Enquirer: 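Supplied in structure tokens, the structure appears directly below.
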Amino acid sequence: MLDQIALRAELADHYDLAPSTDIAAATADIHARMDRVVSPPDWAIYAPYVAAINKLKKERNAVILAHNYMTPEIYHGIADVVGDSLQLAIEATKVEADVIVQCGVHFMAETSKILNPSKTVLIPDMDAGCSLAESITAEGIAQMRAQYPGAPVVTYVNTTAEVKAASDICCTSSNAVQIVRGLDAETVIMTPDKYLAQNIANLVPEKNIVWWDGACIVHEQYTAQDLRDFRDWNPGTRIIAHPECPPDVVAEADFSGSTSGIIDYVTRQRPEKAMLVTECSMASNISDALPDVDFVGPCNMCPYMKKVTLEKVLWSLHTMEGAVEVDPEIADKARVAVQRMIDLSAKMAG
């Protein structure tokens with residue numbers, strides 16, 4: 001765990017990080033991407049960190065990959081590439097920089113390292129984990145294989161390198177339907193998200209999909225009654241759910257899709273009011289690009305994603321601490337499963 005007091009003292013010795021209206025004004029073009037959700041006083045606090053990070057990443061020949069669940073000051077302020085797990089995995093294969101800073105959770109940094117074994121991959125907080133990744137082990141995969149002999153294992157990217165290495169192919173919420181449908185097998189094992197598996201089973205009824213008993217702590221909190229109550233309270237709102245939500249929640253929603261799918265849907269449809277049934281930062285990150293959409297309603301926050309802050313990103317680049325390593329033998333096996341996903345996704349897109 002990072003010593004925040006020592007961290008701040010060290011950074012203060014090298015960077016002027018006091019709130020600054022001058023730096024805020026100088027970076028007004030960056031603030032404009034998020035000024036609907038980040039106030040000018042808050043930007044005066046964030047701007048010195050953003051300026052320091054953007055300068056330092058050039059000196060380090062670093063690129064910052066940020067997931068859609070990052071806060072706006074990270075997503076819009078310092079990220080070079082943003083997207084869902086699939087988009088970040090694909091972009092990680094194209095990186096030319098020497099250093100990758102993964103603004104997301106630990107399994108995402110592992111995936112970047114698997115795909116770029118010769119590069120330095122940093123995560124700003126090693127404690128940025130994932131309830132799904134922690135719900136299954138390679139031994140769990142072996143148990144499922146023993147229970148369903150011959151069935152291929154499709155593993156969500158929200159897993160450790162060891163679990164990926166024990167699987168046949170990875171998937172994300174944006175390509176799971178196509179991957180499961182494309183497998184030459186009647187029974188398919190999906191791990192570790194039971195709700196994603198159940199939602200995919202509803203969309204691919206020709207397959208016998210069996211699943212591991214794991215769930216995302218953000219998405220499993222939503223209930224179908226929550227959505228019905230919200231409709232009664234705020235009629236006319238378009239409700240859009242992530243497929244990691246329970247099936248009855250997805251059934252109650254107007255649309256369900258991955259984080260990139262949600263962004264595409266709202267961008268195309270432009271509903272007057274939208275409730276995103278997913279992690280809190282999703283609506284914040286697309287709000288300024290869609291000024292005609294009123295994002296309303298409750299959201300749940302991922303405590304793991306929120307461990308990544310501007311201060312920790314700056315510390316990571318300053319010290320080059322937080323390097324993620326993956327055992328080469330495990331990485332080789334995991335790379336096969338991840339690359340199969342990327343190749344199949346590219347083939348379907350083509």
Side-chain angles (χ1 to χ4, degrees), residues 19-51 53-54 64-84 86-88 91 103-104 173-174 218-219 222 226-227 230-243 245 252-302 305-306 308-310:
S20 170
T21 54
D22 289 340
I23 299 177
T27 55
D29 57 330
I30 300 176
H31 182 218
R33 304 170 195 164
M34 59 190 119
D35 61 6
R36 187 177 172 187
V37 292
V38 175
S39 69
D42 283 336
W43 183 245
I45 296 172
Y46 296 144
Y49 287 90
V50 169
I53 290 167
N54 285 336
I64 295 178
L65 308 184
H67 190 265
N68 292 325
Y69 293 164
M70 289 291 99
T71 51
E73 67 274 13
I74 291 175
Y75 185 91
H76 291 294
I78 61 172
D80 299 293
V81 178
V82 297
D84 63 12
L86 175 61
Q87 291 168 321
L88 295 183
E91 290 302 319
C103 288
S173 52
S174 61
V218 169
H219 296 99
Y222 294 101
D226 290 339
L227 272 59
F230 190 83
R231 285 190 195 279
D232 291 340
W233 174 65
N234 204 332
T237 299
R238 199 81 59 88
I239 298 181
I240 305 154
H242 194 280
C245 293
E252 192 68 34
D254 297 297
F255 174 80
S256 176
S258 66
T259 55
S260 62
I262 289 172
I263 293 171
D264 289 344
Y265 177 85
V266 179
T267 302
R268 289 195 317 270
Q269 295 290 320
R270 300 293 178 109
E272 182 180 346
K273 292 184 291 186
M275 173 183 171
L276 305 190
V277 186
T278 186
E279 211 277 344
C280 285
S281 290
M282 272 289 296
S284 299
N285 287 334
I286 61 176
S287 182
D288 276 69
L290 302 168
D292 50 328
V293 179
D294 182 15
F295 292 96
V296 297
C299 69
N300 293 325
M301 185 176 293
C302 175
M305 289 282 186
K306 286 344 183 221
V308 177
T309 64
L310 287 174

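Atoms considered below: every heavy atom in the structure, side chains included; atoms not considered: hydrogens, waters and symmetry mates. If you're wondering where the values come from, they're calculated on a predicted model, not measured in any experiment.
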Enquirer: Which word best sums up how the rings of H31 and W43 line up, parallel for under 30°, tilted for 30 to 60°, or perpendicular for over 60°?
Expert: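 Answer is parallel, since the angle falls under 30°.
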Enquirer: Taking the side chain as every heavy atom from C-beta outward, state whether D84 and S174 have any pair of such atoms under 4.5 Å apart.
Expert: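 Yes, side chains in contact.
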Enquirer: Any non-hydrogen side-chain atom of T71 less than 4.5 Å from a side-chain atom of T309?
Expert: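 Heavy-atom side-chain distance check fails, nothing below 4.5 Å.
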Enquirer: Test R231 against D254 for salt bridge (Lys or Arg N to Asp or Glu O under 4.0 Å), laying out the working first.
Expert: CA-CA 11 Å; R231 285 190 195 279; D254 297 297; 3.3 Å; yes
Enquirer: Is the shortest heavy-atom distance from the side chain of N54 to the side chain of I30 under 4.5 Å?
Expert: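 SC-SC contact between N54 and I30 confirmed.
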Enquirer: Locate the shortest heavy-atom distance separating V293 from R36; write the atom from each residue and the value.
Expert: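 Scanning both residues, the minimum pair turns out to be O-NH2, 2.7 Å.
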Enquirer: If we ignore hydrogens and angles and just use 3.5 Å, is the side chain of N68 paired with the main-chain N or O of V82 as donor and acceptor?
Expert: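 Side chain of N68 to backbone of V82, a donor-acceptor pair under 3.5 Å: no, none is there.
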Enquirer: Contact between I64 and I53 at the side-chain level, heavy atoms closer than 4.5 Å - yes or no?
Expert: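 Heavy-atom side-chain distance check passes, below 4.5 Å.
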Enquirer: Does P271 offer a backbone N or O that forms a donor-acceptor pair with the side chain of Q269 under 3.5 Å?
Expert: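 Between the backbone of P271 and the side chain of Q269 there is no qualifying donor-acceptor contact (under 3.5 Å).
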Enquirer: With no hydrogens and no angle check, do the side chains of Y69 and T278 hold a donor and an acceptor under 3.5 Å apart?
Expert: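 Side-chain D/A pair, Y69 to T278: present.
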Enquirer: What is the distance from atom CD of Q87 to atom OG1 of T259, rounded to the nearest 0.5 Å?
Expert: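 One gets 6.5 Å once the value is rounded to the nearest 0.5 Å.
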Enquirer: For D294 and K273, indicate whether the former's side chain and the latter's backbone hold a donor-acceptor pair under 3.5 Å.
Expert: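 Answer holds: no.
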Enquirer: Mark yes or no for whether D42, through its side chain, and V38, through its backbone, hold a donor-acceptor pair below 3.5 Å.
Expert: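 Not a single qualifying donor-acceptor pair exists.
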Enquirer: Is it true that D264 and T267 share a donor-acceptor pair across their side chains at a distance under 3.5 Å?
Expert: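 No, D264 and T267 have no side-chain donor paired with an acceptor closer than 3.5 Å.
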Enquirer: With a 6.0 Å cut-off (strictly less than), is the heavy-atom count around CD of E272, excluding the residue itself, greater than 12?
Expert: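 No, the 6.0 Å shell around CD holds no more than 12 heavy atoms from other groups.
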Enquirer: Looking at I23 and A51, what are the two nearest heavy atoms and their distance?
Expert: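 Nearest heavy atoms, I23 then A51: CG2-CB, 4.1 Å.
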Enquirer: So do T27 and V50 actually touch side chain to side chain, heavy atoms under 4.5 Å?
Expert: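 The answer is no; the side chains never approach within 4.5 Å.
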Enquirer: Is there side-chain contact between M275 and T237, with at least one heavy-atom pair below 4.5 Å?
Expert: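 Yes, at least one pair of side-chain atoms sits under 4.5 Å.
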Enquirer: Using 0.5 Å steps for rounding, measure from the CD1 atom of I239 to the CG atom of D226.
Expert: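 Nearest 0.5 Å value for the CD1-CG distance: 10.0 Å.
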Enquirer: Which atoms form the tightest heavy-atom contact between A241 and A253, and what is the distance?
Expert: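 Distance-wise, the nearest heavy atoms are CB-CB, 3.8 Å.
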Enquirer: What distance do M70 atom CE and K306 atom NZ have between them, rounded to the nearest 0.5 Å?
Expert: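 It is 6.0 Å, given to the nearest 0.5 Å.
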Enquirer: Run the numbers on I240 and V277 for side-chain contact (heavy atoms from CB on, under 4.5 Å), then give the verdict.
Expert: CA-CA 6 Å; I240 305 154; V277 186; over 6 Å; no
Enquirer: Would you check, one step at a time, whether the test side-chain contact (heavy atoms from CB on, under 4.5 Å) holds for D288 with R33?
Expert: CA-CA 6 Å; D288 276 69; R33 304 170 195 164; 5.8 Å; no
Enquirer: What heavy-atom pair brings A66 and I74 nearest, and what distance separates the two atoms?
Expert: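 Shortest heavy-atom contact: CB-CG2, 4.3 Å.
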Enquirer: Would you check if R270 and R238 make a side-chain contact, meaning some heavy-atom pair closer than 4.5 Å?
Expert: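 They are not in contact (no side-chain heavy atoms under 4.5 Å apart), so the answer is no.
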Enquirer: Tell me, with the steps shown, if V218 and M301 meet side-chain contact (heavy atoms from CB on, under 4.5 Å).
Expert: CA-CA 6 Å; V218 169; M301 185 176 293; over 6 Å; no
Enquirer: Using side-chain heavy atoms (C-beta onward) and a distance below 4.5 Å, is Y265 in contact with S260?
Expert: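 Contact flag for Y265/S260 side chains = no.
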Enquirer: Restricting to non-hydrogen atoms, name the atom on S173 and the atom on S258 that form the minimum distance, rounded to 0.1 Å.
Expert: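 For S173 and S258, the tightest heavy-atom pair comes out as OG-CB, 3.1 Å.
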Enquirer: Just jot down the disulfide (SG to SG under 2.5 Å) partners of C302, sequence neighbours excluded, or say none.
Expert: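 Partners of C302 by the disulfide (SG to SG under 2.5 Å) criterion come out as none, since no residue qualifies.
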Enquirer: Please round to the nearest 0.5 Å and tell me the distance separating atom CD1 of I286 and atom CE of M34.
Expert: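 If we round to the nearest 0.5 Å, I286:CD1 and M34:CE are 15.5 Å apart.
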Enquirer: Which heavy-atom pair separates V308 from G104 by the least distance, and what is that distance?
Expert: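 Taking V308 first and G104 second, the nearest heavy atoms are CG2-O, 3.4 Å.
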Enquirer: Any sub-3.5 Å donor-acceptor pair from S281's side-chain atoms to S284's backbone N or O?
Expert: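 Such a contact is absent between S281 side chain and S284 backbone.
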Enquirer: For I262 and M282, what are the C-alpha separation, side-chain angles and deciding distance, and is it a side-chain contact (heavy atoms from CB on, under 4.5 Å)?
Expert: CA-CA 9 Å; I262 289 172; M282 272 289 296; 3.8 Å; yes
